[in-house]
Structures are given as structure tokens and as C-alpha cells.
Amino acid sequence: MFKVIRRAWRYLVFALSGRLDELSDPRVQIEQAIQEAKERHRRLSQQAAAVIGNERELEMRLARSMEETERLQANTRQALLLAERTRVAGDERKALSYEDSARAFASRLVAAESAQRESRLAHERATQASAQARAAVETNAMALQKKIAERMRLLSQLDQAKVQEELNRAMGDLSGLTPADETPTMDEVRDKIEKRYARALGEAELTSGSVEARMIEVERAAVDAEGAARLEAIRESLNAERKPEVEK
């Protein structure tokens, strides 16, 4: 008994869904699909904007951390230099005071460097997420444009189908071969099949690659190269400062 009821229910659902599909206006369905695609793109763009904003915030935080690290490093060096000078001048007490200050700066420097490493890792992860978000928005924008172009083609094809259907009915009236109202014409079947095929093609094209991700990779490489050059310049500056003291 249960199997009979379940089979009857499935048949009823299938019959009703088929009838509703026949009664639905394709033009309205196309517009609904386009509006849904636009709304999906708007939500995706907002999410991507939040991800990119987080990347920018972490970038500014990393810049401040780097500035703080440089400041503490400079203060530590200055305190050590003052300690050496005062010791040479014979003021051992003041030299010890400068060394205490240097140790305090060095402790802060260690903490700042640790925070800087964490900020750098967080920024790298945010950069990757931002690249993925940009690629997703770009891909979805391309898909939306394709759907809009497909809408024009489908609407034109729908108008042509209506004309063809009217012609078929007229020819059927003349030949006495007019199909029953419940029977779909070949034009209607063809329109449904082409619509599903076109939508499947549009979904398949969503996997296209992104140029934006490669551009971001190049920009990151340039920043890393500039950082390496800056590090080498600081190292040379330190060596140049030590040479006069060695010569003395």
C-alpha cells in the first residue's frame, strides 16, 4: 500500500511540475534568471570588497609594525653608542644606564619583530584570499555578461518560435493536423533543450582563469625585491658606521 501511495505521489508531482513548466512564460523566466544572476554578482562583489579591505588593513598594520621595528632598532643602536662613548669618557655609571636602556629597547625590539612576523603572515594569507576574491568577481562578471547576451538571443529566438508556432497552427488548420492543446510542438521542445544546453555551456565557462592573480603575483615579487635591496642598504650603512670606529 505504501509503495502504491509513493508511486502515485511521484506521478502527481511529475505531472504538476510538467504542467507548471508548460504554463510558465519563458520571457518571465529569463528575466528572473538574469535578476538572480545580478543579485548573486552583487553579493559576491560585496564579499570580495570586504576581503580586499581586510588585506589593505593588514597592509597598513604591517607597515606600522615595520616602522616600529626600525625605530626600536635605531634606539637600541643609539643607546649602545652612547654607552661606549660615556665609558670612554670615564663615566661608568652613566654608561651602565645607557646599557640598561639598550636592553629595554632590545626587549621591545624582539616583541615588535615577533608581531611583525605575525602581521606579515596574516598579510600574505589576506593577499591570497584577495586574489581569489578578485578572480571570483572577474569570472562571475564574465559569466553575467554572457548570460545577458544569451538573454537577447533567447528572447529573439522566443519571438521567432512564436511566429513559427503560429505558422504551424495555420498550416495545421489547413491540413487538419493541428495537435492537441496539451501536446507541445517541436519548436517548444527545441527551445527548452537549447535553453538548457546554453545554460550548461555558460556554467562550464565559469572555470576560466584570471589575469588579476598573475598581476598580483608580479607585484608581490617586486615588493620582495625592493625589501631585499633595502635590507642590503641598511647592512652596508652599518658596515660604513663601524669602519670609522675600528680605525680609531
Side-chain angles (χ1 to χ4, degrees), residues 32-79 101-151 199 202-241:
Q32 288 176 346
I34 292 297
Q35 291 301 323
E36 182 180 355
K38 288 182 178 179
E39 179 63 21
R40 188 184 305 113
H41 183 70
R42 185 187 66 82
R43 292 195 301 267
L44 181 61
S45 298
Q46 289 179 346
Q47 294 173 357
V51 173
I52 295 173
N54 182 60
E55 179 197 6
R56 294 289 180 259
E57 182 179 356
L58 291 173
E59 184 177 350
M60 291 185 290
R61 188 180 303 174
L62 177 60
R64 289 195 301 268
S65 178
M66 294 174 64
E67 291 176 358
E68 178 68 11
T69 301
E70 293 177 359
R71 185 183 67 82
L72 291 173
Q73 185 177 3
N75 289 339
T76 303
R77 291 174 54 194
Q78 183 64 27
S101 298
R103 279 192 291 271
F105 281 125
S107 298
R108 293 183 183 180
L109 177 60
V110 171
E113 289 175 344
S114 177
Q116 180 179 338
R117 286 192 295 269
E118 293 179 357
S119 297
R120 188 179 300 278
L121 291 175
H123 180 259
E124 290 178 355
R125 290 192 293 267
T127 300
Q128 295 176 356
S130 178
Q132 294 175 355
R134 287 189 177 94
V137 171
E138 180 182 350
T139 301
N140 195 71
M142 294 174 60
L144 179 59
Q145 292 299 322
K146 290 181 181 296
K147 288 184 178 180
I148 293 175
E150 183 68 10
R151 175 183 63 177
R199 184 173 299 175
E203 292 175 355
E205 291 175 355
L206 289 178
T207 57
S208 59
S210 173
V211 179
E212 188 70 20
R214 292 192 294 272
M215 294 175 63
I216 293 176
E217 183 178 355
V218 173
E219 291 176 357
R220 285 187 55 196
V223 171
D224 293 340
E226 185 177 352
R230 180 59 178 164
L231 178 62
E232 186 63 25
I234 293 176
R235 183 178 289 109
E236 292 178 0
S237 176
L238 289 174
N239 293 333
E241 291 176 2

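Counting from 1, the numbers follow the sequence of the chain as shown. Scope of the values below: all heavy atoms of this structure, side chains included, with no hydrogens, waters or symmetry mates.
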Asks: According to salt bridge (Lys or Arg N to Asp or Glu O under 4.0 Å), does anything in residues 105-127 pair up with another residue at least two apart or in another chain? List the pairs.
Replies: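 Applying salt bridge (Lys or Arg N to Asp or Glu O under 4.0 Å) to every pair that reaches into residues 105-127, excluding sequence neighbours, yields nothing.
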
Asks: From Q132 CD over to T139 OG1, what is the distance, rounded to the nearest 0.5 angstrom?
Replies: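 So the CD of Q132 and the OG1 of T139 are separated by 11.5 Å.
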
Asks: Measure the spacing between CD of Q73 and CZ of F105 and express it to the nearest 0.5 Å.
Replies: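 Reported value, rounded in 0.5 Å steps: 13.0 Å.
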
Asks: Could you pull out the closest heavy-atom pair between E55 and A126, with the gap in Å?
Replies: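 Result for this residue pair: CA-CB, 3.8 Å.
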
Asks: Could you state the interatomic distance from OG (S107) to CG (L72), rounded to the nearest 0.5 Å?
Replies: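 Taking OG in S107 and CG in L72, the distance rounds to 10.5 Å.
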
Asks: Would a distance-only check, ignoring hydrogens and angles, find a side-chain to backbone donor-acceptor pair under 3.5 Å from T69 to S65?
Replies: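 Checking the backbone N and O of S65 against the side chain of T69, a donor-acceptor pair under 3.5 Å is found.
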
Asks: Heavy atoms, side chains only, cut-off 4.5 Å: are V137 and H41 in contact?
Replies: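 Yes, side chains in contact.
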
Asks: Could you tell me whether R64 and E68 have a side-chain N and a carboxylate O separated by less than 4.0 Å?
Replies: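 So R64 does not pair with E68 through a salt bridge.
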
Asks: Main chain of H123, side chain of T127: is a donor-acceptor contact present, judged purely on distance under 3.5 Å?
Replies: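 Yes, because the side chain of T127 sits within donor-acceptor range (under 3.5 Å) of the backbone of H123.
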
Asks: Quick check: closest heavy atoms across L58 and A122, and the distance to 0.1 Å?
Replies: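 That would be CD1-O, 3.5 Å.
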
Asks: So do the side chains of L62 and M66 get within less than 4.5 Å of each other, counting heavy atoms only?
Replies: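 Heavy-atom side-chain distance check passes, below 4.5 Å.
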
Asks: Can you give me the closest heavy-atom contact between S130 and I52, atom names plus distance?
Replies: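 That would be OG-CG1, 3.3 Å.
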
Asks: Can you pull the salt bridge (Lys or Arg N to Asp or Glu O under 4.0 Å) pairs that have at least one residue in residues 39-53, sequence neighbours excluded?
Replies: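 Listed once each, the pairs are E36-R40, E39-R42, E39-R43.
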
Asks: So R134 and E138, salt bridge (Lys or Arg N to Asp or Glu O under 4.0 Å) or not? Walk me through it.
Replies: CA-CA 6 Å; R134 287 189 177 94; E138 180 182 350; over 6 Å; no

